[in-house]
Asker: 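A single structure is presented below for examination.
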Amino acid sequence: MSLENLGWNGFFENNAYSFDDPNLTPARIIGVRKNAFIVHDGDREILATAAGRLYHDDSPDSLFPAAGDWVLIRDTIIAHVLPRRNALSRGASGARHGRAESAVRGQVIAANLDTVFIVCGLDRDYNVRRIERYLTLIYNCGCSPVVILNKADLHPAPLDCAAEVESVAFGVPVFAVSAKSGQGVEVLRQFLPPGQTAALLGSSGAGKSTLVNQLSGAEVRAAKEVSEAVGKGVHTTTTRDIIPIPGAGMILDNPGIREIALWDDAGGIDDAFPDIQALAKECHYTDCTHEHEPGCRVREAVEIGVLKPARLQNYLKMQKELEFLNQRQEKSANRVEKERWKEIAIYQKQFKNKKRPRIR
Ligand SMILES: Nc1nc2c(ncn2[C@@H]2O[C@H](COP(=O)(O)OP(=O)(O)OP(=O)(O)O)[C@@H](O)[C@H]2O)c(=O)[nH]1
Ligand SMILES: [Mg+2]
Ligand SMILES: [Zn+2]
């Protein structure tokens with residue numbers, strides 16, 4: 001393994017130069033554990049911890065290490081996280097029920113990705129609306145999606161599903177495969193050239209770890225089994241790990257995702273719904289919400305059967321979520337600003353009190 005095989009390139013090198021410290025070594029985060037990280041420096045794997053400073057520094061430029069990050073280490077300490085090419089983030093779990101503050105924090109699933117595989121089982125897991133949501137999330141993060149419809153062996157007409165997904169995922173490659181038997185898996189290697197990293201996203205049980213095993217030709221990941229004794233799945237993935245595929249790139253196996261909360265609003269929704277976007281341009285009102293206004297081309301398209309009502313509903317739902325998120329982020333920014341002024345006021349008061357000699 002060399003740094004280049006791990007994905008090191010001029011972009012990261014340029015950023016590393018600025019630190020100009022011979023005691024710092026570049027390494028990539030290939031595994032995330034509870035309070036530690038597994039990093040690879042091109043020669044070996046090292047169990048490392050993040051410098052205390054990284055836990056406390058919440059300035060916008062300060063990054064906390066995530067899977068796929070390039071970092072600078074000093075022995076076993078991660079001293080700096082280098083700027084990211086991209087980062088796959090979602091709303092922090094518990095965002096809806098948690099404190100407002102946690103709601104406006106994103107969770108970085110992984111950084112510096114070349115491809116994101118959306119893995120969807122062709123069993124009860126199959127859901128076109130969820131795929132649309134994944135696409136919005138992935139486009140928002142500036143990553144390239146590929147849809148993998150897994151467990152094709154369990155479905156009577158997997159190609160019909162692939163066609164259905166293609167009709168909502170404009171220009172996105174869609175493949176029906178069986179990770180278990182290996183059928184159709186080989187074509188995925190085109191997205192895994194040496195030095196590139198692909199991440200797997202999908203529900204628990206979709207077959208992500210099975211796919212990693214099939215691609216590596218070895219049982220590198222424990223795949224879920226249903227324990228007869230307890231009737232529950234065991235071996236469900238709980239860690240994020242980047243696995244090198246022999247003779248190819250790297251693949252990041254993630255724990256299954258239950259809820260895909262949108263986080264960024266970087267135009268991903270427009271990329272995921274280019275059909276609605278094009279129709280909306282023709283609506284009578286430029287700020288048409290496509291819900292009740294006259295002269296709405298989007299609703300007309302639904303009426304004449306060109307656009308599926310469920311797709312429009314999904315789009316509007318996500319649109320509202322993003323608006324809500326923007327409002328909360330703005331509110332939180334205002335609060336932070338207010339708190340900063342409060343601190344300044346307290347400081348000024350203390351300063352004033354100090355200057356004045358105390359009279360007993
Ligand atoms: N029939 C069939 N079963 C599959 C296929 N791929 C995976 N499975 C089974 O689906 C179950 C779940 O597979 P995993 O690979 O553990 O799923 P996962 O996505 O890694 O799940 P989490 O780690 O919980 O997120 C296992 O029992 C696999 O054997 C497939 O192509 N066909
Ligand atoms: Mg797994
Ligand atoms: Zn409209």
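Since we're looking at a predicted model, the values are computed, not measured. Order of listing sets the numbers, starting from 1, for every ligand and every atom in it.
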Asker: Hey, which atoms in ligand 1 end up nearer than 4.0 Å to a heavy atom of L154?
Answerer: 1 (N)
Asker: Is the shortest heavy-atom distance from the side chain of L262 to the side chain of R90 under 4.5 Å?
Answerer: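 Not in contact.
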Asker: Is the distance from the Mg ion (ligand 2) to some N, O or S atom of S204 under 2.8 Å?
Answerer: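 S204 does not place any N, O or S atom closer than 2.8 Å to the Mg ion (ligand 2).
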Asker: For ligand 1, note which part of S203 has a heavy atom under 4.0 Å away: side chain, backbone, both or neither.
Answerer: backbone
Asker: If we ignore hydrogens and angles and just use 3.5 Å, is the side chain of Q214 paired with the main-chain N or O of K180 as donor and acceptor?
Answerer: yes
Asker: Do any of the N/O/S atoms of H284, backbone or side chain, fall under 2.8 Å from the Zn ion (ligand 3)?
Answerer: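 Checking H284: none of its N, O or S atoms is under 2.8 Å.
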Asker: When you look for heavy atoms under 4.0 Å from ligand 1, do you find them on the side chain of T236, its backbone, both, or neither?
Answerer: both
Asker: Judging by distance only, is a nitrogen or oxygen of S181 under 3.5 angstrom from one on ligand 1?
Answerer: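 Such a contact does not occur with ligand 1.
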Asker: Please work out which of the three classes, parallel, tilted or perpendicular, describes the rings of Y315 and H290, given edges at 30° and 60°.
Answerer: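 Judged by the thresholds at 30° and 60°, the geometry between H290 and Y315 is tilted.
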Asker: Ligand 1 versus T210, non-hydrogen atoms closer than 4.0 Å: side chain, backbone, both, neither?
Answerer: both
Asker: Is the contact between T237 and ligand 1 made by the side chain, the backbone, both, or neither, using heavy atoms and a 4.0 Å cut-off?
Answerer: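 Near ligand 1, T237 shows its backbone as well as its side chain.
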Asker: Does the side chain of N254 pick up a donor-acceptor pair with the side chain of R240 at under 3.5 Å?
Answerer: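 R240 and N254 do have a side-chain donor-acceptor pair below 3.5 Å.
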Asker: List the atom of A206, the atom of G121, and the distance in Å for their closest heavy-atom pair.
Answerer: CB-N, 4.2 Å
Asker: In plain terms, say whether K151 and D123 are close enough for a salt bridge, that is, a side-chain N and a carboxylate O under 4.0 Å apart.
Answerer: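 A salt bridge is present here (some side-chain N lies under 4.0 Å from a carboxylate O).
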Asker: Would you say A222 and ligand 1 have an N/O pair spaced under 3.5 Å apart?
Answerer: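 There is no such contact.
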Asker: Within a distance under 4.0 Å of any heavy atom of G256, pick out the atoms of ligand 1 and give their elements.
Answerer: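 Checking each atom against G256, I get 25 (O).
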Asker: Closer than 4.0 Å to some heavy atom of A179 - which atoms of ligand 1 meet that?
Answerer: 6 (N), 31 (O)
Asker: For I77, does its backbone N or O pair with a side-chain atom of D75 as donor and acceptor, under 3.5 Å?
Answerer: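 Flag not set: sc D75 to bb I77 has no pair under 3.5 Å.
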Asker: Does S178, backbone or side chain, put an N or O under 3.5 Å from an N or O of ligand 1?
Answerer: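 Yes; the residue has a nitrogen or oxygen that sits under 3.5 Å from a nitrogen or oxygen of the ligand.
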Asker: Give the atom name of whichever N/O/S atom in H290 sits closest to the Zn ion (ligand 3).
Answerer: ND1
Asker: Please indicate whether any nitrogen or oxygen in G205 is less than 3.5 Å from any nitrogen or oxygen in ligand 1.
Answerer: yes
Asker: For V177, is at least one N or O under 3.5 Å away from an N or O on ligand 1?
Answerer: no
Asker: Answer yes or no as to whether an N/O/S atom of T210 is found below 2.8 Å from the Mg ion (ligand 2).
Answerer: no
Asker: Whether the side chain of H80 engages the backbone of L82 through a donor-acceptor N/O pair (distance < 3.5 Å, no angle test) should be reported.
Answerer: no
Asker: Examine the side chains of T25 and D41 and answer whether a donor and an acceptor come within less than 3.5 Å of each other.
Answerer: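 Their side chains do not contain a donor-acceptor pair, so the 3.5 Å distance test is not met.
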Asker: Given 3.5 Å as the limit, does a donor-acceptor pair link the side chain of T237 with the main chain of T239, or not?
Answerer: no
